[in-house]
Amino acid sequence: MASITFKHVNKTYPGNVTVVPDLNLEIQDKEFVILVGPSGCGKSTTLRMIAGLEDITSGELYIGDRLVNDVAPKDRDIAMVFQNYALYPHMTVYKNIAFGLLQQKVPKDEIDRRVHEAARALDLEGLLNRKPKALSGGQRQRVSLGRAMVRNPAVFLLDEPLSNLDAKLRTSMRAEISRLHKRLQTTFVYVTHDQTEAMTMGDRIVVMKDGVIQQNDAPQVLYDSPCNLFVAGFIGSPQMNFLDAVIVKEGSGYAAQVCGSTVALPARMNEAAAPYAGKTVVLGIRPEDIIAADAGQADASGITSTVEIAELMGAEISLHVNCQGSQLVIRAEPTFKGREGDTAILTFKNEKIHLFDKETEQAIAH
């Protein structure tokens with residue numbers, strides 16, 4: 001079993017600097033879990049505690065059924081892939097991949113078999129005699145993955161492994177790592193600040209802020225039902241739009257007064273919205289859930305806004321609009337004709353509206 005369990009784990013550095021106050025988390029055997037959050041949120045520290053590279057101040061950490069608080073990194077049956085590849089520049093690709101096995105005194109024929117097997121899986125067979133300086137960034141990262149693979153670890157730890165690659169390579173390497181997980185059928189814990197990586201790769205995402213887990217769920221659940229303003233703003237690219245709105249009673253239901261217009265709320269929100277009647281809340285709406293129309297072709301009851309930037313992206317237009325002082329980003333249809341300075345009439349997809357408490361920042365309804 002290669003499950004990982006944190007029980008009330010605390011990490012405090014000298015000077016009483018607490019990075020992880022009280023972490024409780026269970027990662028299942030063979031699961032691909034992403035730790036995501038802004039810089040300084042404690043995700044890399046959490047990964048390094050699993051690896052044994054950081055001591056635990058208090059609490060318990062288990063890999064499988066084994067308490068590993070005092071177990072040396074080399075005895076934890078884990079392999080780590082770093083952001084900067086951490087390859088030996090004077091060694092060939094073959095020797096870099098084989099290095100850990102040589103340290104373990106694995107028989108030479110077994111080393112050779114494992115190295116060539118990893119090289120085939122990662123398309124490195126033609127590069128085994130090269131040194132790292134003769135490789136591209138993507139090739140170096142594949143060597144780093146190969147070095148971890150050959151050890152057949154119970155747990156793979158990956159610390160922002162794609163952050164040094166260009167956009168195209170990042171996309172291909174995301175697919176490479178996902179395929180690797182399916183092939184190896186082992187536990188992967190992956191740290192990133194890039195929510196696109198998190199959304200496309202993980203079975204489960206753990207969103208962290210200030211060392212505290214904000215939400216821990218499947219990618220689509222986090223996207224559709226964020227538990228608070230932080231998660232709503234962090235997951236999604238471009239991020240969710242936020243507007244102050246006043247909840248009002250309207251007939252048998254409720255509506256939100258926002259940007260000088262009244263937007264009806266779906267009936268399923270009635271119970272959650274009722275205690276907020278007459279109060280200001282934060283309304284969240286994703287860029288793809290706003291319909292933008294040219295002023296001459298739109299329903300006059302929509303929200304009036306002014307286009308500040310219109311970026312043609314091919315299949316869509318990314319609109320930046322000003323709505324009574326509030327800035328919104330919209331994914332508009334390519335048929336939208338408005339450009340800088342023009343008026344755009346906006347309609348929200350009511351079923352996609354999110355409401356958050358302005359004080360606690362917790363979700364009211366979504």
Side-chain angles (χ1 to χ4, degrees), residues 2 29-35 44 47 50-51 73-74 76-192 194 196-203:
D29 183 36
K30 300 178 183 177
E31 194 174 17
F32 195 144
V33 169
I34 309 275
L35 304 181
S44 287
L47 196 77
I50 299 172
K74 66 183 178 62
R76 294 194 181 195
D77 197 15
I78 56 98
M80 194 157 179
V81 179
F82 296 92
Q83 174 182 350
N84 62 358
Y85 321 133
L87 302 178
Y88 295 104
H90 63 287
M91 291 184 184
T92 63
V93 167
Y94 183 101
K95 287 183 177 178
N96 265 285
I97 294 174
F99 184 78
L101 301 178
L102 288 165
Q103 296 296 104
Q104 294 172 2
K105 297 185 167 46
V106 173
K108 283 190 176 181
D109 58 343
E110 177 64 9
I111 291 175
D112 194 62
R113 184 188 68 77
R114 289 199 207 174
V115 170
H116 281 282
E117 189 178 87
R120 276 194 300 275
L122 295 168
D123 195 22
L124 293 170
E125 284 186 291
L127 306 175
L128 289 174
N129 292 321
R130 290 192 191 180
K131 290 185 178 176
K133 66 181 180 183
L135 304 178
S136 69
Q139 289 167 339
R140 290 181 197 178
Q141 195 55 279
R142 293 209 301 275
V143 174
S144 184
L145 286 168
R147 183 176 54 192
M149 273 176 66
V150 294
R151 295 176 53 196
N152 298 325
V155 178
F156 259 81
L157 305 176
L158 301 101
D159 191 7
E160 304 209 33
L162 309 185
S163 59
N164 287 340
L165 305 181
D166 62 41
K168 186 177 179 181
L169 264 178
R170 285 172 81 112
T171 302
S172 62
M173 285 301 296
R174 283 204 306 264
E176 194 94 52
I177 291 171
S178 295
R179 280 194 294 269
L180 188 60
H181 175 251
K182 289 182 174 65
R183 179 174 172 273
L184 298 179
Q185 288 293 292
T186 192
T187 308
F188 274 45
V189 185
Y190 187 108
V191 160
T192 182
D194 184 327
T196 302
E197 285 178 24
M199 287 294 293
T200 55
M201 296 173 71
D203 298 322

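We use all heavy atoms of the structure for the numbers below, so side chains are in, but hydrogens, waters and symmetry mates are not.
With sequence neighbours left out, the side chain to side chain contact (heavy atoms under 4.5 Å, CB included) criterion links Ala51 to Leu53, Ile78, Met80, Leu157. Every residue was checked against the side chain to side chain donor-acceptor pair (under 3.5 Å) condition with Ser178, not counting sequence neighbours, and none meets it. For Asp194, the salt bridge (charged side-chain N to carboxylate O under 4.0 Å, His left out) partners at least two apart in sequence or on another chain are Arg170. With sequence neighbours excluded, the residues satisfying side chain to side chain contact (heavy atoms under 4.5 Å, CB included) with Ala134 are Arg130.
Counted by atom type alone, Thr92 and Asn129 present zero donor-acceptor pairs between their side chains at under 3.5 Å. In the model, Tyr190 has no side-chain atom that pairs as donor or acceptor with a side-chain atom of Glu160 under 3.5 Å.
Pairs passing the ring-ring contact (aromatic ring centres under 6.0 Å, His included) check and including a residue from residues 135-168, sequence neighbours excluded, read Phe156-Phe188.
The minimum heavy-atom distance linking Asn152 with Asp77 is given by the pair O-OD1, 4.1 Å. What you find for Gly202 and Ile34 is that their closest heavy atoms are CA-CG1, 3.6 Å. When all heavy atoms of Pro161 and Val81 are compared, the closest pair comes out as CB-CG1, 4.1 Å.
The closest side-chain heavy-atom distance from Leu35 to Thr192 is not below 4.5 Å. Put simply, the side chain of Thr187 does not reach to within 4.5 Å of the side chain of Val33, judged on heavy atoms. Side chains of Arg179 and Arg174 form no contact here, defined as non-hydrogen atoms less than 4.5 Å apart. Residues Asp109 and Pro107 have side chains in contact (heavy-atom distance under 4.5 Å, counting atoms from C-beta outward).
Rounding to the nearest 0.5 Å gives a distance of 11.5 Å between CD of Gln83 and OG of Ser144. Taken from CG in Leu127 to CD in Gln139, the straight-line distance is 5.0 Å, to the nearest 0.5 Å. To the nearest 0.5 Å, atoms CE (Met173) and CG (Leu180) are separated by 9.0 Å. Expressed to the nearest 0.5 Å, how far CZ of Arg151 lies from CD of Gln103 amounts to 10.5 Å. The structure places NZ of Lys131 at 8.0 Å from NZ of Lys95, a figure rounded to the nearest 0.5 Å. With values rounded to the nearest 0.5 angstrom, Met201 atom CE is found 4.5 Å from Ile177 atom CD1.
In terms of modelled atom types and a separation under 3.5 Å, the side chain of Thr171 and the main chain of Ala167 share a donor-acceptor contact. The backbone N or O of Lys30 lies less than 3.5 Å from a partner atom in the side chain of His181, making a donor-acceptor pair. In this structure, the side chain of Gln141 does not engage the main chain of Gly138 through any donor-acceptor pair within 3.5 Å. Judged purely by atom type and a 3.5 angstrom limit, Asn96 uses its side chain to pair as donor or acceptor with the backbone of Met91. The backbone N or O of Ala2 lies less than 3.5 Å from a partner atom in the side chain of Asp29, making a donor-acceptor pair. With hydrogens and angles disregarded, no donor-acceptor distance shorter than 3.5 Å links the side chain of Glu176 to the backbone of Leu122. The main-chain N or O of Val191 is never found under 3.5 Å from a side-chain atom of Asp159 such that the two would form a donor-acceptor pair. Under the 3.5 Å distance criterion, the side-chain polar atoms of Arg140 are matched with a main-chain donor or acceptor of Leu135.
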Output side-chain donor-acceptor pairs under 3.5 Å for residues 111-120, partner residues at least two apart or in another chain, one line each.
| from | atom 1 | to | atom 2 | distance (Å) |
| --- | --- | --- | --- | --- |
| Asp112 | OD1 | Tyr94 | OH | 2.7 |
| Asp112 | OD1 | His116 | NE2 | 3.4 |
| Arg113 | NE | Glu110 | OE1 | 3.2 |
| Arg113 | NH1 | Glu117 | OE2 | 3.3 |
| Arg113 | NH2 | Glu110 | OE2 | 2.8 |
| Arg114 | NE | Glu110 | OE2 | 2.9 |
| Arg114 | NH1 | Val150 | O | 2.8 |

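Tested against Leu158, the residues Leu47, Leu145, Val189 include a single side-chain contact (heavy atoms from CB on, under 4.5 Å) partner, Leu145.
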